[in-house]
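Notes follow the structure.
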Amino acid sequence: MEILDLGSIDRHFIRAVEEESGQDVSHCYQCGNCTAGCPLSFAYDIPVHQIMRLIQLGQKEKVLRSHAIWLCATCETCTTRCPCEVDVARVMDTLRIMARREGTVSEEGVRRFYDTFLDSVKRHGRLYEVGLLMRYNLLSGRPFADADLGPKVLGKGKLHFLPENIKGVEAIKGIFDRFAKKRGA
Amino acid sequence: MPGMEGTELRIIGFLCNWCSYGGADTAGVSRFKQPTDLRIIRVPCSGRVDPLLVVKAFMEGADGVLVSGCHPRDCHYSEGNFYARRRLEVLKRFLPFMGIEPGRFEYTWVSASEGARWQKVVTDFTDQVHALGPRRNFGEGNGGGDIR
Amino acid sequence: MSSRKVAEALGIELVEVEDWSCCGSTPAHTVDHLLYGALAARNLAIAEKMGLATVVTPCPSCLVAFKSALEMVQDDGKRKELNELLDLPFQGEIQSKSLLQIIYEEVGVEAVAQRAKRPLEGMRLAPYYGCILTRPPKRAQFDDPENPITMDRILEALGAEVPEFPFKTECCGAAFGLPKRELVLTLSAKILEMAQEIGADALVVACPLCQQNLDLRQGQITSREGVSVDLPVLYITQLVGLALGFSPREVGLDKHAVSPNRLLKKWEEKLKE
Amino acid sequence: MRIGVFVCHCGTNIDGTVDSHQVAEEAKKFPHVVYATDYLYTCSEPGQQEIQQAVGEHDLDGVVVAACSPRMHENTFRRTIERAGLNRYMFEMANIREHCSWIGEDREANTHKAIELVRMAVAKVANHVHLHPSYFEVNKRVLVIGAGVAGMQAALDCADGGLDVVLVEKKSSIGGRMAQLDKTFPTVDCSICILGPKMVDVGQHEKIKLCTYSEIEDISGYVGNYTVNIRRKATYVDWGKCTGCGLCMEKCPSKKAYDYHNEGIADTTAINISFPQAIPKKATIDPEYCRQFTKGKCGVCAKVCPLGAIDYEMEDEIVAEEVGAIIVATGYGLLNMEELGEYGAGRYPDVITGIQYERFLNASGPTQGHVVRPSDGEEPKRVVFISCAGSRDASLDRPYCSNFCCMYIAKQAILTRDHIPDSEVYVFYMDTRSPSKGYEEFIRRAQEEYGVQYVRGRVSRIYPKGKRMVVRGADTLLGTQVEVETDLVVLATAATCAPEAEELAEKLRISYDEYGFYMESHPKLRPVETNTSGVFLAGACQGPKDIPAAVGQGSAAASKVLSLFSKDQLESDPQIAQVMELRCVGCLKCADTCPFQAIEEKELPDGRVVGHVIETVCQGCGLCTSICPSGAIQLQQCTDNQLIAEVEALCQAWRERSSG
Ligand SMILES: Cc1cc2nc3c(=O)[nH]c(=O)nc-3n(C[C@H](O)[C@H](O)[C@H](O)COP(=O)(O)OP(=O)(O)OC[C@H]3O[C@@H](n4cnc5c(N)ncnc54)[C@H](O)[C@@H]3O)c2cc1C
Ligand SMILES: Cc1cc2nc3c(=O)[nH]c(=O)nc-3n(C[C@H](O)[C@H](O)[C@H](O)COP(=O)(O)OP(=O)(O)OC[C@H]3O[C@@H](n4cnc5c(N)ncnc54)[C@H](O)[C@@H]3O)c2cc1C
Ligand code: SF4
Ligand code: SF4
Ligand code: SF4
Ligand code: SF4
Ligand code: SF4
Ligand code: SF4
Ligand code: SF4
Ligand code: SF4
């Protein structure tokens with residue numbers, strides 16, 4: 001096991017997480033309740049209380065490259081039960097945003113799904129479900145995933161086949177454009 | 001001594017000995033950093049604070065006056081803080097007629113254990129007074145300029 | 001749409017927000033909280049302009065988005081940022097609730113029960129609230145975060161049998177259906193299994209995403225997780241609708257992947273008694 | 001006036017962010033100041049000697065010390081100048097530590113502030129006059145409120161020291177929480193075996209007047225002379241006649257009354273003696289359950305009682321007692337476990353509290369010491385303990401540690417393994433807290449000798465699975481989620497303040513912290529005193545603590561009372577109100593305002609009516625001073641002139657500042 005150099009604490013990272021999430025990470029006393037309750041713990045590479053610990057120790061790389069932050073379902077269990085009132089789910093959310101910015105996303109699939117989803121909102125104003133399914137599957141190179149669901153879903157009139165654009169599609173685009181400008185992209 | 005001119009305003013606080021003065025001590029013992037503007041006068045009970053004393057402080061040039069006592073049911077003298085509240089409420093309504101913005105005067109409760117609360121009270125009140133800025137008409141030396 | 005019919009029958013007037021757009025749910029807040037807020041705020045701003053007092057949504061994810069936007073707008077700085085992105089300014093003078101909350105708080109359990117023409121007798125139902133409808137309590141401001149009871153009370157009042165269901169708020173895998181299907185299967189399997197273990201005839205949900213995960217994927221769960229699950233997953237509004245006298249088709253029960261026919265049959269028999 | 005100013009460095013506590021030397025130099029320029037200096041540690045012996053010396057050399061008649069809070073050292077320095085021959089009230093402190101050096105980092109601003117604070121203090125001293133205490137008689141009886149182990153110890157020590165004691169206890173028997181416990185850590189000796197004899201001593205002590213099933217109605221007076229009204233609640237049994245034979249309990253048909261002593265794990269009868277070792281051993285009727293009260297008919301106990309002790313018409317009675325000092329020992333409460341929703345506490349019968357578990361373990365408890373699962377009465381084979389249930393939990397507004405639960409968990413874990421040798425015991429903990437003598441060794445023994453599994457991590461959720469419960473937690477040492485199926489879960493619920501602690505504090509005029517625990521006068525140096533003279537604290541009412549600490553405080557409080565009463569007369573504080581009769585217009589607004597009824601009407605020889613302050617009754621709050629329309633009644637040491645002098649000195653400084 002590698003030796004962690006405690007001189008490597010990246011205070012700038014700690015401050016950035018605190019500012020963007022509005023949480024004081026020093027409040028966490030490592031009780032493990034978040035990990036205990038997290039329904040996705042079984043899939044995490046780093047349990048969520050250790051994510052918190054790594055932030056306290058300013059270990060930016062380890063945190064932003066973790067898979068865990070992308071497997072979090074924002075279920076709010078950790079936030080609800082944290083005895084120190086840390087909004088852990090919000091911290092996880094912040095880490096995802098930071099990982100995108102830093103280009104250290106470890107779960108491309110999840111990111112791609114989110115992007116495709118948003119793209120659909122941007123294009124049509126609403127979610128165009130079949131389009132989303134197909135585009136996402138195409139992009140992730142598994143065009144027939146969930147094909148078994150097709151008849152179940154389409155036959156029951158659940159998903160819409162043709163995109164249903166809203167009138168305000170321009171307004172939505174406007175939001176995205178102004179947003180892109182504001183964030184300087 | 002022009003050192004602090006411009007950065008500090010003139011704020012005076014009357015604190016009851018049992019609760020708020022103790023709370024300010026607790027804040028100190030806990031090293032809770034606060035703005036430096038406030039000067040504290042210790043009184044046995046917030047009920048000892050005669051509204052005229054507050055008026056006097058304003059007349060003499062204070063930019064803000066803070067009175068702090070025990071929590072409503074926690075008064076060392078059973079009910080002194082109720083008297084204080086009643087009288088100081090009246091005062092608060094009266095101050096605007098003297099040309100003093102209501103935000104320059106506050107009456108609050110802080111117990112001896114509430115160091116963190118004291119820090120917040122001082123910081124918020126100081127900010128509030130700073131937002132109003134220094135009082136006009138002050139500086140002539142007699143301080144009575146506000147009262148016509 | 002079962003919700004609309006049921007709402008009307010309960011005397012709730014629903015007006016569609018003109019030209020509503022998708023709030024972006026989970027994906028948006030992983031990109032940027034401002035964008036997330038703005039997408040939700042657009043709908044709320046339109047509703048405000050229409051003079052509506054409350055925006056009701058059947059989807060807890062949207063609800064969270066709305067509540068987040070409402071939280072942001074309380075902060076002057078954030079309000080400014082939000083409105084920079086919007087065409088129509090958002091004031092934040094509107095509230096947002098789930099349809100369940102409206103039924104529970106504004107119509108009331110008793111009033112619902114009084115209108116019931118065909119009580120849900122003979123049905124043993126496991127209420128599943130999902131993870132974000134009542135949590136975190138500070139934001140949700142509704143029901144209990146650990147042991148929510150609003151659906152329980154409504155179903156009980158309508159004559160159903162509601163056993164203690166320990167997994168009321170466990171997560172079903174949420175939006176991971178596409179990108180991480182195996183996670184949804186694992187999590188949804190646990191919930192379905194627990195419901196079967198306590199002998200429920202059906203799961204009752206208040207969220208379209210939960211409904212999808214738990215209903216559509218039962219085949220996949222059975223083949224991948226090696227547990228056999230076969231449990232209809234119904235919306236609370238559909239059950240209220242049935243009790244109010246709507247036909248199964250009218251409340252959209254024909255649209256589910258797992259057929260509720262067995263449950264319906266049991267119910268009809270009980271009603272005949 | 002000739003005033004000397006002494007500015008303290010307090011090592012670097014003050015001088016680190018305040019230029020103490022400059023403060024002293026500036027002080028020399030203030031009116032009346034004839035001498036000013038700075039010193040490293042003013043309260044040290046050489047520091048005090050320097051003051052004494054300066055008083056003589058410079059012929060000072062007033063002294064200002066600029067140092068820490070007057071709440072810390074005002075009395076120290078008053079005594080110092082008294083030794084130098086000054087009147088001890090010719091003194092004032094400027095608080096340049098707590099209110100200055102410790103709260104600001106800007107040395108220039110702090111120094112400046114310190115100078116102004118000193119200037120205010122000087123202006124105030126310039127208006128001081130000599131004050132002289134007077135003396136009054138002390139009523140050498142003591143009231144002890146709460147008869148847990150702390151209150152009992154205090155009562156016994158006072159009584160053995162020759163004082164008359166009135167011991168008031170809310171419950172029908174003395175003993176407190178300790179009477180509910182099975183064994184006690186770290187020696188695992190039987191709780192009632194060591195407490196019982198003490199209870200008997202209290203019950204039989206000729207100097208102790210026991211008032212159980214009683215509460216404090218109100219308190220008036222002041223140190224040395226309190227009047228206390230005690231409400232003796234109706235027991236509906238004439239205790240003068242009842243012998244505690246228990247016949248009524250056997251025959252009472254209402255058998256579902258809530259059993260407080262057993263924490264609800266069993267029921268008791270409407271008429272009951274709370275436990276076999278109760279002192280006094282007398283029966284009490286719980287009207288909430290008694291059929292005579294709820295249905296209007298029954299009367300069985302009245303028929304069976306061989307002594308005719310039952311009295312359904314009995315009413316509460318108020319008795320007045322005169323005492324000179326009060327010891328408060330009202331103990332603690334426990335968190336309502338239903339607040340812990342994620343543990344299903346209150347919903348799942350097999351999730352219980354630590355104190356309920358004590359009753360299961362206890363040989364004289366309802367199960368005769370057989371541990372059983374409440375849901376079906378079977379012996380549990382696995383028991384899980386959860387520590388810090390509601391303690392150290394900011395989300396429940398209870399960030400503090402409950403102090404004794406780590407230890408009693410270890411005790412209960414050991415006892416579980418003793419009672420059920422084939423059981424498996426798990427403890428979820430965050431840290432184990434065991435700082436006293438023999439404690440750490442005790443926790444180690446639980447792990448090493450008794451094989452108790454300690455898992456470092458909090459539990460997030462408990463849910464039922466068939467007949468058992470699943471406990472889901474984390475092992476933070478491994479970094480993994482863990483689950484264990486168990487038969488019984490024991491929650492170490494947080495210690496809270498005693499029920500209605502705040503109300504009692506308000507009657508006593510003592511302070512309490514945000515959690516309702518009573519505030520000691522100084523956390524280190526005056527741990528059993530309060531800021532109200534004559535009122536002392538003992539035991540867990542001041543903060544959660546275990547039995548050794550509670551007993552220690554009981555004795556400490558008793559010794560404080562004994563030393564207070566070692567003098568026949570007490571000195572009264574002369575910092576009280578005084579009427580200038582010439583100015584008084586006799587409106588008696590002051591008398592109406594005074595919360596202590598310390599002002600009476602007085603007729604002067606010329607027939608004029610004026611207000612008159614009763615010296616020993618006045619508490620020095622100053623309400624009268626701020627209400628008096630003619631400024632005739634002045635609180636000594638805090639007169640209008642003195643406060644105005646402070647305000648003016650400060651404003652003068654401000655004006656000088658702005659004019660450069
Ligand atoms: C489950 C459990 C196990 C424990 N095991 C141990 C152990 O093994 N060893 C150990 O050292 N400690 C143990 N403790 C801690 C122990 O209980 C306390 O240290 C001790 O009881 C404190 O004594 P006390 O006299 O301060 O308070 P209490 O025992 O709480 O007594 C206070 C008394 O005051 C009375 N009272 C309250 N309010 C009023 C009022 N307004 N008027 C009149 N009377 C009032 C109460 O009825 C009570 O009789 C345990 C605690 C728990 C919860
Ligand atoms: C590094 C450190 C930091 C600490 N910080 C804190 C703190 O911040 N807060 C806190 O509450 N506690 C603190 N403590 C603990 C604190 O020091 C003790 O609680 C306290 O000193 C105990 O006081 P005492 O009077 O019992 O013993 P001591 O202070 O040890 O006094 C005993 C005295 O008896 C004398 N003596 C010994 N044997 C004899 C003999 N045979 N004949 C005559 N005289 C004898 C000794 O010379 C000594 O003067 C700290 C301790 C250490 C080591
Ligand atoms: S639950 Fe809260 S305090 Fe505990 S480890 Fe997680 S973040 Fe830290
Ligand atoms: S919000 Fe994310 S980290 Fe928190 S419990 Fe849910 S899945 Fe786990
Ligand atoms: S007098 Fe106060 S400030 Fe000075 S050394 Fe003593 S404790 Fe410190
Ligand atoms: S009330 Fe009568 S019967 Fe009951 S214990 Fe007392 S003496 Fe015995
Ligand atoms: S009168 Fe009340 S206490 Fe007496 S026996 Fe009947 S129910 Fe019991
Ligand atoms: S004593 Fe132990 S169990 Fe109790 S609150 Fe403190 S750390 Fe937690
Ligand atoms: S209020 Fe003042 S004037 Fe009136 S009686 Fe009291 S002392 Fe005299
Ligand atoms: S100072 Fe005045 S009001 Fe206060 S107790 Fe004394 S006489 Fe009464």
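Within every chain, numbering begins at 1; the chains are lettered A, B, ... in the order of the sequence lines, protein sequences first and strands thereafter. Keep in mind the model is a prediction, meaning the values are calculated, not measured. Just the heavy atoms: all of them, side chains too, but no hydrogens, waters or symmetry mates, feed the values below.
- Heavy atoms closer than 4.5 Å to chain A are found nowhere in D:Val482, neither backbone nor side chain.
- Annotation for D:Ala394 and A:Cys84: closest pair CB-CA, 4.3 Å, computed over non-hydrogen atoms.
- Contacts classified as salt bridge (Lys or Arg N to Asp or Glu O under 4.0 Å) and involving residues 6-20 of chain A (residues at least two apart or in different chains) are given here: A:Glu20-A:Arg101.
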Between chain A and chain D, are any donor-acceptor pairs under 3.5 Å, and how far apart is each one to 0.1 Å?
residue, atom, partner, partner atom, Å
A:Tyr29, OH, D:Arg392, O, 2.5
A:Tyr29, OH, D:Arg458, NH1, 3.0
A:Gln30, O, D:Arg456, NH1, 2.4
A:Gln30, O, D:Arg456, NH2, 3.4
A:Cys31, O, D:Arg458, N, 2.8
A:Asn33, OD1, D:Ser460, OG, 3.3
A:Thr35, O, D:Gln481, NE2, 3.1
A:Ala36, O, D:Gln481, NE2, 3.0
A:Gly37, N, D:Ser460, OG, 3.4
A:Cys38, O, D:Gln481, NE2, 2.8
A:Arg81, NH1, D:Ser460, O, 3.3
A:Arg81, NH1, D:Ser460, OG, 2.7
A:Pro83, O, D:Ala394, N, 2.8
A:Pro83, O, D:Ser395, N, 3.0

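- When A:Cys78, A:Cys34, A:Cys82, A:Cys38 are compared by the number of non-hydrogen pairs under 4.5 Å with chain D, A:Cys38 comes out ahead.
- The two residues D:Gly473 and A:Ala36 come nearest to each other via the heavy atoms C-CB, 3.2 Å.
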